[in-house]
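Input: a single structure, listed below in structure tokens.
A, B, ... follow the sequence lines: proteins, then strands. Residue 1 opens every chain. We use all heavy atoms of the structure for the numbers below, so side chains are in, but hydrogens, waters and symmetry mates are not. Just so it is clear, the structure is predicted and the values come from calculations on it, not from any experiment.
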Protein chains: 2
Amino acid sequence: MGLSAPGQVRTRILEAAERLFAAQGYNGTSIQEVAEAVGIRRPTLVYHFGSKDQLRIEVLTGLLSQWQEQLPKVLAASQSGPDRFRSVMESAFAFFRAVPHRARLIAREMLDRPDEMRALFARHLEPYMQLVIDRIRDGQREGHTRRDVDPEAYVVHLMHAAVSVIAMGDATKHVLRDPPSVERQLSELVRLGKAALFLDRPKSGGS
Amino acid sequence: MGLSAPGQVRTRILEAAERLFAAQGYNGTSIQEVAEAVGIRRPTLVYHFGSKDQLRIEVLTGLLSQWQEQLPKVLAASQSGPDRFRSVMESAFAFFRAVPHRARLIAREMLDRPDEMRALFARHLEPYMQLVIDRIRDGQREGHTRRDVDPEAYVVHLMHAAVSVIAMGDATKHVLRDPPSVERQLSELVRLGKAALFLDRPKSGGS
DNA sequence: CCTACCGATCGGTAGG
DNA sequence: CCTACCGATCGGTAGG
């Protein structure tokens with residue numbers, strides 16, 4: 001009896017590797033550890049993936065593909081304006097928070113192999129980011145979005161902020177006397193993003 | 001003749017280690033590499049620091065001490081309000097941008113050893129962060145700062161954002177058709193921070 | 001600050 | 001999917 005659900009061996013290896021690489025880093029994880037977590041011998045793992053580096057690449061493209069698959073659903077939420085913004089942001093956070101090590105692995109790879117990650121982002125995410133950017137420019141023309149927003153920098157900022165709050169939140173969580181929970185941290189991020197994007201308007205519909 | 005300026009050997013080891021740990025990570029760097037960069041033999045390095053882990057600890061406390069030393073100067077900039085905000089932010093960015101690998105090392109350690117980093121932050125930075133938080137609350141009472149700001153979460157957000165833009169900016173830099181430079185990214189961060197903190201006011205002094 | 005040496009672990013291969 | 005084996009490198013010690 002194995003240590004996790006049966007499934008395909010390749011899939012179980014990928015899951016274990018994703019978890020361990022996220023927790024300890026690629027250099028901090030031996031393929032021996034991954035094999036043990038799956039319940040197989042090391043040469044068997046190498047037989048399936050060829051090399052440790054190839055395993056890393058397959059883990060990463062799998063993760064980016066999931067992301068790419070979820071993004072359209074997230075962006076299709078509703079029409080426009082502040083409420084849509086909130087729902088889009090919260091769906092995006094939910095995606096990362098559901099499996100927190102995803103954000104961790106992304107952050108690690110951005111540090112270790114920035115060029116490779118840039119290429120992966122360009123392939124998997126660029127169209128969607130560009131779509132958001134175009135919407136912001138539309139909003140600026142139509143007058144309900146601040147004109148001083150730098151759309152490219154704004155979108156990149158939100159992505160950085162979301163990834164790092166979830167990936168590195170543990171390190172800053174209890175620094176303060178009244179430490180903000182991840183919940184508070186994320187809802188402040190939503191507030192911050194809205195305040196910086198939309199023009200002030202009266203609280204309720206009247207006027 | 002060594003590979004870098006003479007100085008104390010210990011100091012040269014610390015500098016090389018800081019640079020290499022930041023670039024390749026702690027697990028991705030051998031003490032052999034550090035020794036070679038300094039121009040000494042590995043056992044000599046071990047003689048000076050006892051162990052690789054002790055070297056890491058001394059690199060990190062050194063870095064946090066520098067940070068702690070600079071922060072009061074940064075915060076003493078001017079009195080209050082949006083202009084002070086801008087100058088404080090820009091001084092903080094300048095500190096990291098001057099030696100970009102500092103932010104990288106901080107980000108790596110937040111991922112690898114969150115508990116240890118939390119303790120270091122608490123010791124070296126907590127008083128200053130708390131000071132900023134108290135100022136935000138003052139501003140809220142006095143009415144020139146938004147009441148919906150969550151001061152703790154806001155401050156933590158800015159720290160996360162600054163560290164990750166500088167540390168991981170390379171990975172997101174050229175994703176878009178019109179990639180924002182680090183400059184644009186940082187000035188958007190200043191704009192975002194101000195828009196989310198202060199109430200809207202007329203552009204020029206007249207009313 | 002060095003040379004010489006240590007056991008342990010690394011990723012990967014041979015061969016079945 | 002396994003056992004048996006490989007050379008290379010790891011952090012650290014002995015002893016001077």
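Classification of B/R86 and B/D83 as a salt-bridged pair fails, no side-chain N sitting under 4.0 Å from a carboxylate O. Between A/E18 and A/R102 there is no salt bridge, since none of the side-chain N atoms of the basic residue sits less than 4.0 Å from a carboxylate O of the acidic one. Comment: B/E152 engages B/R137 in a salt bridge, judged by a side-chain N to carboxylate O separation of less than 4.0 angstrom.
Checking the phosphate oxygens (OP1, OP2) of C/dT9, no side-chain nitrogen or oxygen of A/S30 falls inside 4.0 Å. Dashed line: the shortest gap from a side-chain N or O of B/T44 to OP1 or OP2 of C/dC2 is under 4.0 Å. At the phosphate of C/dG11, neither OP1 nor OP2 sits under 4.0 Å from any side-chain N or O atom of A/R42.
In the set C/dC1, D/dC1, C/dT3, the nucleotide with an atom closest to the side chain of A/Y47 is D/dC1. If you check D/dG12, C/dG12, D/dC10 against the side chain of B/Q32, the one that comes closest is D/dC10.
In plain terms, the two heavy atoms of B/V163 and B/A107 that are nearest each other are CG1-CB, 4.1 Å. Among all heavy-atom pairs drawn from A/G28 and B/N27, the shortest one is CA-ND2, 3.5 Å.
Rounded to whole Å, the distance from CG on B/L45 to P on C/dC2 is 11 Å. Counting to the nearest Å, the P atom of D/dG11 and the CD atom of B/Q54 are 16 Å from each other. Taking atom CD of residue B/E33 and atom C1' of nucleotide D/dA8, one finds them 14 Å apart after rounding to whole Å. When rounded to the nearest whole Å, the span between CZ of B/R41 and C1' of D/dT13 equals 18 Å. B/R56 places its CZ atom 17 Å from the C1' atom of D/dC10, with the value rounded to the nearest Å. If you measure from atom NE2 of B/H48 to atom P of D/dG11, you get 18 Å, rounded to the nearest angstrom. Summarising the geometry, the separation between CG on B/L55 and C1' on D/dC10 is reported as 15 Å, rounded to the nearest angstrom. One can place CZ of B/R12 at 7 Å from P of C/dC1, the figure rounded to the nearest angstrom.
C/dG15 is paired with D/dC2 under the Watson-Crick or G-U wobble criterion, all donor-acceptor distances under 3.5 Å. Of all nucleotides present, only D/dA8 satisfies the Watson-Crick or G-U wobble test against C/dT9, with each distance under 3.5 Å.
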